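Because the structure is a prediction, the values reported are computed rather than measured. Reckoned from all heavy atoms, side chains included, excluding hydrogens, waters and symmetry mates.
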Amino acid sequence: MVENERLRQEMRRCEAELQELRAKPPGPCPGCEHSQESAQLRDKLSQLQLEMAESKGMLSELNLEVQQKTDRLAEVELRLKDCLAEKAQEEERLSRRLRDSHETIASLRAQSPPVKYVIKTVEVESPKTKQALSESQARNQHLQEQVAMQRQVLKEMEQQLQSSHQLTARLRAQIAMYESELERAHGQMLEEMQSLEEDKNRAIEEAFARAQVEMKAVHENLAGVRTNLLTLQPALRTLTNDYNGLKRQVRGFPLLLQEALRSVKAEIGQAIEEVNSNNQELLRKYRRELQLRKKCHNELVRLKGNIRVIARVRPVTKEDGEGPEATNAVTFDADDDSIIHLLHKGKPVSFELDKVFSPQASQQDVFQEVQALITSCIDGFNVCIFAYGQTGAGKTYTMEGTPENPGINQRALQLLFSEVQEKASDWEYTITVSAAEIYNEVLRDLLGKEPQEKLEIRLCPDGSGQLYVPGLTEFQVQSVDDINKVFEFGHTNRTTEFTNLNEHSSRSHALLIVTVRGVDCSTGLRTTGKLNLVDLAGSERVGKSGAEGSRLREAQHINKSLSALGDVIAALRSRQGHVPFRNSKLTYLLQDSLSGDSKTLMVVQVSPVEKNTSETLYSLKFAERVRSVELGPGLRRAELGSWSSQEHLEWEPACQMPQPSARAHSAPSSGTSSRPGSIRRKLQPSA
């Protein structure tokens, strides 16, 4: 501890010297050649100070460790003293008991009791004495072991103390070495300071000499400038006169400027009016050309037989909730009603379809777009209209509607009845209606007596290659009241359930098949047209809809059938030789509608809210792919009356079931089977 105290004093003295050196640092002159070496010496000095600080820290740690070991040694010595005292007390107690035992044995020997009693007494007292003696010996042995252990600990502590002394000696040697280096650095620094002072004085003298030379040159220049000023006075008078003349001219400049500005403004206003009139004329021509281009495009699409695609955006409802996820992500083009814009993940995406309906569009607006297709059904064409979109996008509302505001299905039949009544003087028409659904890949009759009965799609055995559904019920309707009864009966049998995305979610694909058969009373021409109105079940993400159990199986079947529909569209778009219609009951039933001989229109329903942008993006991309599919021009199904009484005058499915209430029904867009002796024509669609 004395040595440590001495080392601390030496360290304080070194620190005081360092502070004195810092208090009067040398002022190196600028540009001196010894400044770099002085900086190196300062860096070395700071490094030595850091090393001294580290040594000081190490020394404090060693002092703390020595103090701890000293305390521990004192504690061990106290414990050793206590153990030795306990051992002495125990030995004294045992020796005292041993003496008592010997005295007892001697007194017992001195007595003359019977031998039997003496033996008994010895047997009683001797084991106890021996036991006490053995216990004392064992305790003594234990205490000796503890003493040996404490001696070993003491020896270890002495060794540690000796190592601490050695470490202290090494640190003292290092401190001495650092002091010598500090003295050497101090001497070098003094020498450097002296040399720097000499250099500074020399540099000051040189700078003073240069300043004198420069001052002399400045005086000479000043004399030249004074001479130039004397010569510039006449030129200044001339410039002053010119300036006064210009000033008089500038006073009249504002009037000239105002007059020029008035004329320029008049010319600019006239030019702007001409540009505006030209822009209005160009805008009017552009809109006219846009309408003409759309009309030509629609005619080209009709001639090519492309699937027409229209989109309808439903309004934002309270079921969509509130917050950022319920904001509107869909916008429209003010000049073109076939463009729709979607904001997906902060990036705008645009799609071009045949027609886009905003949320403000009514059911009548949508029906007017498909009205021409429906009336062509009376002329003998096959027409297919199907609604596509995610769950809750409004497909069922567009196709079925409400009793107060009916959708495409009921409006189509009302239009058919009105057209039939207008042609009643020349034509006789029969309108029949069938309704079916595909639930979990099972085809069911919605108008039959047993809706749960499983139906199958068959090929007609006459070799025509057409499809029909044996056992599908067909109702003949003659008025709007009959239509309402059929719709109500079919709607009660359709499968709907509650999900997180839609309170009345359609869990099946619904098909309304309307067959219009007509006979021209004057020529005997017979036409057969089919109108297939399809309400597809919505695609959904299981995590969002919360489907479980049977609902989960329904969702899997729905997504599988819609995926199969996408595969069919992809195959038709790429004109593959094999189109996988049989991968699903839905695509198999729509085979005739998607393989030509039919006018097909798809209504894609769109949800505008932010949380459904992923499904909306997929639906619009699918709609663009469907729009590019060419099916070929639709064909008219018509037959002329026969000249022979043996020839068939009525068209009916080649495979007809004998039941009067439920007969075999052909699949959507099925053609007319050929009959012997009949004359059949396929006419191109009229404008």
Arg312 side-chain N/O to Gly394 backbone N/O, donor-acceptor pair under 3.5 Å: no
Note, Leu416 side chain near Val514 side chain (heavy atom, < 4.5 Å): yes
Heavy-atom check, side chain of Leu617 versus side chain of Phe351, under 4.5 Å: yes
Exercise: do Ser376 and Asp379 side chains pair donor with acceptor under 3.5 Å: no
Full working for side-chain hydrogen bond (donor to acceptor under 3.5 Å, both in side chains) between Tyr429 and Glu419: CA-CA 10 Å; Tyr429 286 101; Glu419 293 289 333; over 6 Å; no
Euclidean distance, Glu428 CD relative to Lys423 NZ, rounded to 0.5 Å: 14.5 Å
No-hydrogen, no-angle side-chain donor-acceptor test under 3.5 Å, Ser338 and Asp336: yes
Under 3.5 Å, which donor-acceptor pairs link side chains of residues 401-408 to any protein atom two or more places apart or in another chain?
unit_1	atom_1	unit_2	atom_2	d
Thr402	OG1	Asn405	N	3.0
Asn405	OD1	Arg411	NH2	3.0
Asn405	ND2	Tyr397	OH	3.2

Polar side-chain atom of Thr587 near backbone of Phe581 as donor-acceptor pair, under 3.5 Å: yes
Asp445 side-chain N/O to Thr473 backbone N/O, donor-acceptor pair under 3.5 Å: yes
Where Ala412 and Ile374 come nearest, the two heavy atoms and their spacing: CB-CD1, 3.5 Å
Polar side-chain atom of His509 near backbone of Ala537 as donor-acceptor pair, under 3.5 Å: yes
Atom of Ala571, atom of Pro580 and distance for their closest heavy-atom approach: CB-CD, 3.9 Å
Separation between CZ of Arg517 and CH2 of Trp427, rounded to the nearest 0.5 Å: 14.5 Å
Candidate pair Gln360 and Ser358, rule side-chain hydrogen bond (donor to acceptor under 3.5 Å, both in side chains), full reasoning: CA-CA 5 Å; Gln360 291 76 27; Ser358 65; 3.2 Å; yes
Side-chain heavy atoms of Ile340 within contact of Val330, under 4.5 Å: yes
Within-4.5 Å side-chain heavy-atom neighbours: Asp365 and Phe357: yes
Pair Ser607, Arg314: side-chain N/O donor-acceptor within cut-off below 3.5 Å: yes
Main-chain N/O of Val609 paired with Asn328 side-chain donor or acceptor, under 3.5 Å: no
Sidechain N-carboxylate O distance under 4.0 Å for Glu437, Arg444: yes
SB check Arg308 Glu369 (cutoff 4.0 Å): yes
Arg625 vs Lys621 side-chain heavy atoms within contact, under 4.5 Å: yes
Side-chain heavy atoms of Phe622 within contact of Met602, under 4.5 Å: yes
Nearest-0.5 Å distance, OG1 of residue Thr613 to CG of residue Leu343: 8.5 Å
Side-chain donor or acceptor of Asp320 paired with backbone N/O of Val316 under 3.5 Å: no
Polar side-chain atom of Ser563 near backbone of Asn559 as donor-acceptor pair, under 3.5 Å: no
Donor + acceptor pair across side chains of Gln390, Tyr618 (<3.5 Å): no
Ser584 and Glu441: side chain donor to acceptor below 3.5 Å: yes
Under 3.5 Å donor-acceptor, Gln605 side chain and Ala393 backbone: yes
Residue pair Gln576 / Ser574, side-chain donor-acceptor N/O under 3.5 Å: yes
Spacing of Asp535 atom CG and Thr398 atom OG1 [to the nearest 0.5 Å]: 9.0 Å
Minimal non-hydrogen separation, Leu533 against Met399, with atom names: CB-CE, 3.9 Å
Value rounded to 0.5 Å, distance of CG in Asp482 from CZ in Phe475: 10.0 Å
Closest non-hydrogen atom pair, Gly380 against Thr527: CA-CB, 4.1 Å
Rounded distance [0.5 Å steps], CG in Leu586 versus CD1 in Ile438: 5.0 Å
Asn382 side chain vs Lys530 backbone, donor-acceptor pair below 3.5 Å: yes
